[in-house]
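To start, the structure itself, in structure tokens.
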Number of protein chains: 2
Amino acid sequence: MLVLNIMSSLKELSKLLGVSISTVSKALNNADDISAHTKKRVKELALALNYQPNKMGAALRNKKSKTIGVIIPDILNPFFAEVLFGIEKYCSLKGYDTLVCISNDLTSKEAEKIKLLKSGSVDGFLISLASQTQINQDYTHIIKNIPSNELVLFDRLTHHISCDKVSVDDENITYKTTKNLIKNGRKSIAFLSTIEHLEIGKERKQGYQKALKEAKISNNKNLELSLETNAVMHNQIKEWILSNEFDAVIAADNTSGIIVQNFLLALKPIKAKKIKVIGFSNANQSLLTFPQLSYIDQNAELIGQKAAELLINRIQNTNKNKAFTHIKIPASII
Amino acid sequence: MLVLNIMSSLKELSKLLGVSISTVSKALNNADDISAHTKKRVKELALALNYQPNKMGAALRNKKSKTIGVIIPDILNPFFAEVLFGIEKYCSLKGYDTLVCISNDLTSKEAEKIKLLKSGSVDGFLISLASQTQINQDYTHIIKNIPSNELVLFDRLTHHISCDKVSVDDENITYKTTKNLIKNGRKSIAFLSTIEHLEIGKERKQGYQKALKEAKISNNKNLELSLETNAVMHNQIKEWILSNEFDAVIAADNTSGIIVQNFLLALKPIKAKKIKVIGFSNANQSLLTFPQLSYIDQNAELIGQKAAELLINRIQNTNKNKAFTHIKIPASII
DNA sequence: TTGTATGCGTTATCAT
DNA sequence: ATGATAACGCATACAA
């Protein structure tokens with residue numbers, strides 16, 4: 001049978017079948033009070049005409065759009081791309097669409113997107129806070145506009161907003177990593193970060209410092225490099241590598257570990273092999289270095305999946321009063 | 001004034017103001033036949049109550065959702081992330097939302113997503129074909145379901161579908177790049193690809209071969225390495241580097257150039273500096289190597305922007321019969 | 001077992 | 001200048 005790209009509606013099916021619209025609707029939804037015969041007829045025609053229920057009609061009627069709004073700071077950051085992948089996968093599985101917005105790390109954009117997505121477009125929000133929002137600690141645009149049981153924060157959180165949350169235990173993972181390096185005989189462990197302005201950046205550094213302190217290793221401030229992500233970053237890293245001695249580096253963000261690893265090989269070819277570099281990354285990215293970078297895998301996809309799961313559960317759950325949970329995804333060193 | 005996260009509607013505004021719903025609607029839409037005074041009153045209250053028009057209601061009434069459906073093969077590929085960034089930016093500017101789906105390079109997923117997005121959810125589609133679709137050359141799920149004036153294909157195209165298209169002139173850019181290398185005295189130019197199964201992969205290789213042929217350089221098949229993207233890829237590249245001599249490499253995909261550059265430094269530290277490596281990449285990725293990788297910038301963001309622009313123009317344009325265009329984005333060597 | 005009527009929020013047409 | 005009404009597609013309470 002020929003199929004057309006013309007939208008068929010319940011109305012059209014009802015006309016063609018000579019039954020009422022509600023009968024068609026009920027038949028397609030498998031209502032008890034429709035005869036098997038009618039159901040069969042309806043479903044067959046629906047299939048033949050490639051009938052797809054109109055989302056807007058259903059959304060209006062049900063006051064549920066079956067769509068999740070996602071706001072991330074930066075799609076070009078592989079971490080968020082991976083989270084998004086996890087979100088999309090889970091939502092898709094549960095029959096939800098995802099409306100993706102990018103805040104560009106600006107509070108104004110974040111607020112604008114929230115306003116846009118509100119009012120019928122989405123049933124709930126998955127948000128990773130813009131860095132500007134985290135720095136200024138002004139969350140009114142979120143608190144005022146999103147009911148806390150329609151919101152899940154992930155990765156870039158704040159304890160000022162009470163809702164479901166998903167993140168990595170950032171402090172703990174750098175603590176354990178640093179401790180491990182010490183145990184393996186590393187004496188001069190450096191720490192490089194381009195995200196010290198973010199909460200997760202602070203936590204990662206704290207974990208590192210805590211481990212040093214516990215091991216009674218004096219904190220050599222020269223081995224702590226804090227940078228902005230920009231064009232001169234590379235020269236700064238280069239200078240830093242050339243003017244300091246260390247036998248291990250922990251890089252706190254998604255890319256600088258890769259840069260350090262590659263630079264070492266070029267700048268200190270002899271020593272390079274003896275210096276352990278650990279970055280926050282993922283399998284794909286770590287493959288870009290030689291030798292392959294050791295990395296802390298934040299399980300970004302899992303973060304996305306769990307965040308989506310929490311939100312959909314809360315949206316669909318009749319018991320809206322369940323206490324908010326904070327899921328801490330285990331990070332793994334690879 | 002206190003603002004609540006309760007959805008206000010035209011109905012609510014009309015009740016509070018003591019005017020009819022249609023007056024409120026018209027006032028907000030700046031209709032000519034509403035007095036300035038009324039407009040002012042309405043708009044003030046709308047602002048105070050943080051009124052947002054319900055997208056679903058408007059979509060149903062207007063038969064336009066002001067939403068664009070985007071289907072990409074892989075969000076983890078930085079190229080598509082960048083395209084998406086361009087799409088989102090432009091759509092957002094024009095007041096369109098983007099509904100993002102991932103086909104995972106599977107035709108079945110692609111078809112499923114199309115079906116889902118059809119019927120009211122989106123006004124048009126931006127699609128980059130799944131590799132499976134390109135390989136099998138079966139486009140019925142697209143042709144049958146999407147009117148050609150509601151579709152723009154980008155990057156991974158086919159001439160079997162007639163619609164607006166945006167891509168890089170892939171053959172030409174590798175042709176020019178290769179020619180340039182030859183002009184600069186390179187004698188043994190290698191070509192590495194992990195995407196030979198894709199149309200763009202074929203075109204890139206053709207450009208390379210064409211330039212060699214024109215320069216009457218015999219085509220040394222050992223210098224053409226074709227791989228699958230997988231775990232053993234790294235060993236294959238390593239072997240290839242060790243067992244071949246070349247003074248330049250063109251890498252046809254988004255990551256292998258970076259890998260080659262880094263491997264060279266480790267495996268052939270002396271010769272490495274004299275070997276020119278050129279990849280398909282972008283500014284962010286190229287910063288991950290040392291020395292910084294030369295790369296062909298596909299202007300992914302611009303591809304996204306142009307694709308969105310073409311689609312929105314065609315959707316909004318009354319003249320639907322304008323001939324389809326194929327925009328070829330200039331790639332630049334950096 | 002099937003059909004009728006209503007309303008979700010919006011806008012356009014046609015009164016008043 | 002303002003208001004009443006209808007319709008978009010759907011699901012449901014209620015009639016028949």
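Computed from heavy atoms alone, side chains included, the values below leave out hydrogens, waters and symmetry copies. None of these values were measured; they are calculated from a predicted model. Throughout, protein chains are lettered first and strands after them, A, B, ... in sequence-line order, and every chain is numbered starting at 1.
- Around the NZ atom of A/Lys64, the shell of radius 6.0 Å holds more than 12 heavy atoms that belong to other residues, nucleotides or ligands.
- Along DNA chain C, the nucleotide nearest to A/Asp32 and the one nearest to B/Asn62 differ in position, and the one closer to the 5' end is contacted by A/Asp32.
- Residue B/Ser35 is the one, among B/Ser35 and A/Leu60, whose nearest nucleotide of DNA chain D lies closer to the 5' end (criterion: closest heavy atom).
- Between B/Asn54 and A/Ser119, the side chains place no donor N or O within less than 3.5 Å of an acceptor N or O (distance only, hydrogens not considered).
- C/dT11 atom P lies 6 Å from atom CG of B/Leu10, rounded to whole Å.
- No side-chain N or O of A/Ser22 forms a donor-acceptor pair with one of A/Ser25 less than 3.5 Å apart.
- Among the heavy atoms of the strands lying under 4.0 Å from A/Asn54 are primed sugar atoms or P, OP1, OP2 only; no base atom is included.
- Phosphate proximity of C/dG9 to B/Tyr51: absent, as no side-chain N or O sits under 4.0 Å from OP1 or OP2.
- Contact annotation for B/Ser25: base contact, defined as any heavy-atom pair under 4.0 Å involving a base atom.
- For the pair A/Thr23 and C/dT2, the criterion of a side-chain N or O lying under 4.0 Å from OP1 or OP2 is not met.
- A/Phe154 and A/Phe80 have perpendicular rings, their planes meeting at more than 60° on a 0 to 90° scale where under 30° would count as parallel.
- With A/Glu110 as the partner, the side chain to side chain donor-acceptor pair (under 3.5 Å) test is satisfied by one option alone out of A/Gln132, A/Lys115, A/His141: A/His141.
- Look at CD1 on A/Ile34: it is 13 Å from P on C/dT4, rounded to the nearest Å.
- Side-chain contact annotation: A/Tyr139 with A/Thr158, donor-acceptor N/O pair under 3.5 Å present.
- Taking 4.0 Å as the cutoff to heavy atoms of chain B, we find the contact window on DNA chain D bounded by D/dA1 to D/dG9.
- Nucleotide C/dT13 holds its P atom 12 Å from the CG atom of B/Asp33, rounded to whole Å.
- The distance between atom NZ of A/Lys64 and atom C1' of C/dC8, rounded to the nearest whole Å, is 14 Å.
- The phosphate of C/dG9 (OP1 or OP2) has a side-chain N or O of A/Lys63 nearer than 4.0 angstrom.
- Atoms CG (B/Leu28) and P (C/dA12) sit 13 Å apart, rounded to a whole Å.
- Within a 6.0 Å radius of NZ in A/Lys43, other residues, nucleotides and ligands contribute more than 12 heavy atoms.
- When each of B/Gly57 and B/Ala36 is assigned the nucleotide of DNA chain D with its nearest heavy atom, B/Ala36 is the one assigned upstream, toward the 5' end.
- For NZ of B/Lys89, the number of neighbouring non-hydrogen atoms (other residues, nucleotides, ligands) closer than 6.0 Å is 12 at most.
- The closest side-chain donor-acceptor pair between A/Asn104 and A/Asp74, if any, does not fall under 3.5 angstrom.
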Identify the pairs formed between an N or O of the protein and an N or O of nucleotides 5-7 of chain C at a distance under 3.5 Å, and give each distance.
| unit_1 | atom_1 | unit_2 | atom_2 | d |
| --- | --- | --- | --- | --- |
| C/dG7 | N2 | A/Arg61 | NH1 | 3.4 |

